[in-house]
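All values derive from a computational prediction rather than experimental measurement. Below, all heavy atoms of this structure are taken into account, side chains as well, without hydrogens, waters or symmetry copies. To find a chain, count down the sequence lines: A is the first, B the second, and so on, and within it residues start at 1.
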Amino acid sequence: MPSQPALLDPSADLQQTSQHLVVFAVDDSPDDLALLRYHLARIKGFTVDLHATTLAAEVPRLLSGISPDIAFFDYQLGACTGWELFAELQRKGVSFPVILLADQGDEELAAETIKKGFADYLPKEVIGPKSLKRAIGNSLESFRLRHALIEYSTNLEHMVKELRSRNAEIQSFYHSLSHELKTPLTAMREFVSIVLDGLQGPLNDGQRDSLETSKAACDHMVACINDILDSSRLDTGKLSLQARRQPLAPVLRRAVAHTSALAAERKVVVTCGVTDDGLSAWIDDQRIVQVLNNLIGNAIKFSPLGARVSIHASAATEPTGFVRVSVRDNGCGIDPLEHERIFERLHQTSVEDAAVRGGLGLGLYLCRELVQLHGGSIGVRSEVGQGSEFIFFLPVNKSIPNEKVPA
Amino acid sequence: VNEIKKILVVEDDVDINKALVYRLRANGYEVSTAGDGLIGLCSAVREQPDLMILDIALPAGDGFSIVERLRANTKVGEIPFIVLTASRMPELRETALKLGAFAYIEKPYDGAVLIDRVRAALSACAAA
């Protein structure tokens, strides 16, 4: 990065301290150069160290020995134009602002000059200490800002690149993590099942209960691993659906069966009702089972012992083209202020809650994301102490982006 | 007469391998195992099992390559197979089914579901 050019201090006049400025100038007219030197010397507030030449060919050699804060190029340099000289320096990387001096004012020339990257344009007829001071001040400031901007955007680019590669690394780490954790879990769960299934002899009730608990714990751990993996795949847009139009009733029944052990443990009765057995939707059945497992699991966890959880599916009345699925409990309910936030990633209703009820805070986030991937929407109706009803809508046919989705 | 069916398990994790052998033998099947893709392929050619249970991520050739290389070998007829994997990628399921897998089972698997799929695969084969 080029060194920061000296800044014109606007209060220099008042403080009576002078700022030092290294100025470089090229003009084929020695008289014009002398005039420039004269005016520069008369600018209040700073002292100028002027390096000047009348020969464009001399410029590279002269510049190798100094680092100017600012430069003035005459437009007509004899052998070439100020534009051409600037273009050549730009290829080598100019690290200071350049002001173009023209014999007379010309708006078109001025506009083109600025477009080419010059800091400013000054007709020679208006040159004086004041106009020079203003042009130098503006040029230094805009040069500084432009460089700061370039630096910021370069840093930003680096950061984005870094984050992308970090993200890919994390993604692949999650993948290996999931594989590495699932492999021993598979063996653990299956050996427990082998004993539990009586393949190694009969069991008493106590042994059976212990092993059932152990197996359920394995299942819980698998669900956590899958949630983490899914959430990381959502981040990278790698979670895709394998959707097709299919009946909803079997999907609901599968979810109820999945959560039956938890329901039995909490003595919660789960009922499932579908208005029409032919009711179908455009869904990835595995993903919708996952959504339902989460919602039903939550409903059971947050319900008192012996409570009732009901699942219901019907064709949505408004708007048409969607099915409406609801999971209702008469548990502790959710404060309306929390209704939006519960779907956020890593949200837990309270610290105490996280400790008591467990969970990674990914469940409802995944529900929302998975339903949205289908082109549907999800929401909750609840009051504290009044139970909760989670409602989601799924498209009957392959969803078209931007289609109106019920809120 | 009900002949005892032979099942080849190709799985690199020794514990899962052991569990599969236990579960399958308990259900009356004859089981042989391989711990990598190459040994799996050789065993399949030599033993001509009635069914293969294949892991996907394996050293020395993944589960899919075993199926593909068996197909290229005209001396060995079509051997039905079930894919058993820890991966959760839907693309993998798609590939497995396209390649003709009878079933795609995610790890951790449920023993009852596995046996059910094994039975279904073998009887579908016998009927064909």
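- Rounded to the nearest 0.5 Å, atoms CD (E106(B)) and CG (N226(A)) are 6.5 Å apart.
- In this structure, D15(B) CG and T186(A) OG1 are separated by 10.5 Å, a value rounded to the nearest 0.5 Å.
- More than 12 heavy atoms of other shown residues, nucleotides or ligands fall within 6.0 angstrom of atom CG in N204(A).
- In terms of non-hydrogen atom pairs under 4.5 Å with chain B, the most contact-rich of D219(A), I194(A), I225(A) is I194(A).
- Counting heavy atoms from C-beta on, the side chains of E190(A) and Y22(B) never come closer than 4.5 Å.
- Contact annotation for L199(A): both backbone and side-chain heavy atoms come within less than 4.5 Å of a heavy atom of chain B.
- For the pair D230(A)/R88(B), a side-chain contact is recorded, criterion being any heavy-atom separation below 4.5 Å from C-beta on.
- Within 6.0 Å of the CZ atom in R164(A), the count of heavy atoms belonging to other residues, nucleotides or ligands does not exceed 12.
- In this structure, the side chains of D197(A) and R23(B) come closer than 4.5 Å at one or more pairs of heavy atoms.
- Counting non-hydrogen atoms of neighbouring residues, nucleotides and ligands closer than 6.0 angstrom, the CZ atom of R69(B) reaches no more than 12 such neighbours.
- The environment of NE2 in H179(A) is crowded: more than 12 heavy-atom neighbours from other residues, nucleotides or ligands sit within 6.0 Å.
- At a threshold of 4.0 Å, the pair E180(A)-K107(B) does not count as salt-bridged, since none of the basic side-chain nitrogens sits closer than that to a carboxylate oxygen.
- Side-chain contact between R93(B) and Q242(A) is absent, with no heavy atoms from C-beta onward closer than 4.5 Å.
- More than 12 heavy-atom neighbours from other residues, nucleotides or ligands sit within 6.0 angstrom of CZ on F64(B).
- For chain A, no part of A112(B) is nearby; none of its heavy atoms comes within less than 4.5 Å.
- The distance from the NZ atom of K182(A) to the CD1 atom of I16(B) is 11.0 Å, given to the nearest 0.5 Å.
- Residue A19(B) touches chain A through both its backbone and its side chain, counting heavy-atom pairs closer than 4.5 Å.
- In this structure, the separation between CZ on R189(A) and CG on D110(B) is 5.0 Å, given to the nearest 0.5 Å.
- Side-chain contact between M188(A) and P108(B) is absent, with no heavy-atom pair separated by less than 4.5 Å.
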Exercise. For K18(B) and F191(A), run side-chain contact (heavy atoms from CB on, under 4.5 Å): C-alpha distance rounded to whole Å, both residues' side-chain angles, the deciding distance at 0.1 Å, then the answer.
Key: CA-CA 9 Å; K18(B) 189 172 152 192; F191(A) 279 112; 3.9 Å; yes
